Amino acid sequence: QRFPAHRFVLAARSPYFKALFASGVCMREEGSRAAGGDIMLEDVSATEVEKLLECLFARRLPEGEEWQAGPGPGEMAVAADRFQASGLYVHCMRKFERGLKVSNVV
């Protein structure tokens with residue numbers, strides 16, 4: 001799935017993307033309208049990418065019912081950590097910690 005995103009915003013808000021764009025790794029020029037081409041993100045779901053982009057572009061963190069559909073706080077914390085979206089990571093970890101109970105911990 002393709003998600004339009006401005007590379008300068010991604011680089012400004014995520015050290016991962018800043019380093020990625022600086023290195024040129026994962027860039028695909030063919031068929032691209034933008035000067036940096038597309039990037040391929042593997043091992044991450046479309047829903048995780050969508051929530052990550054909402055956080056990076058709109059500074060909007062998932063709340064309430066948004067956790068019911070798609071990845072939960074634990075999965076999103078992994079994606080946020082990978083892409084170095086620190087605000088989203090902290091938010092996910094707090095949400096995850098609030099959900100911990102003696103009955104659901106091994």
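We're numbering straight along the sequence, starting at 1. Keep in mind that this is a model prediction, so the values were computed, not measured.
Note that CG of Asp81 is 10.5 Å distant from CG of Leu88, once rounded to the nearest 0.5 Å. Taken to the nearest 0.5 Å, the OG atom of Ser45 stands 7.5 Å off from the CE atom of Met76. Atom CE in Met40 sits 9.5 Å away from atom CZ in Arg2 (nearest 0.5 Å).
Counting heavy atoms from C-beta on, the side chains of Val44 and Val78 never come closer than 4.5 Å. Between Val49 and Gln1 the shortest side-chain heavy-atom distance does not fall below 4.5 Å.
Linking ILVMFWY residues whenever their side-chain heavy atoms come closer than 4.5 Å, directly or via other members, leaves Leu41 and Phe8 in distinct clusters. Under the 4.5 Å side-chain heavy-atom criterion for grouping Ile, Leu, Val, Met, Phe, Trp and Tyr, Tyr89 is not connected to Leu10 through any hydrophobic cluster. In terms of hydrophobic clustering, with Ile, Leu, Val, Met, Phe, Trp and Tyr side chains grouped at heavy-atom distances under 4.5 Å, Val9 and Leu61 are assigned to a common cluster.
A distance-only check finds a donor-acceptor pair linking the side chain of Arg13 to the backbone of Leu56 [under 3.5 Å]. Remark: the backbone N or O of Ala11 is not paired with any side-chain donor or acceptor of Ser14 at under 3.5 angstrom.
Classified by interplanar angle (parallel below 30°, tilted 30° to 60°, perpendicular above 60°), the ring pair Phe83/Tyr16 is perpendicular.
More than 12 heavy atoms of other residues, nucleotides or ligands sit less than 6.0 Å from atom CZ of Phe3.
Pairing each heavy atom of Lys51 with each of Pro71, the nearest pair is NZ-O, 3.3 Å.
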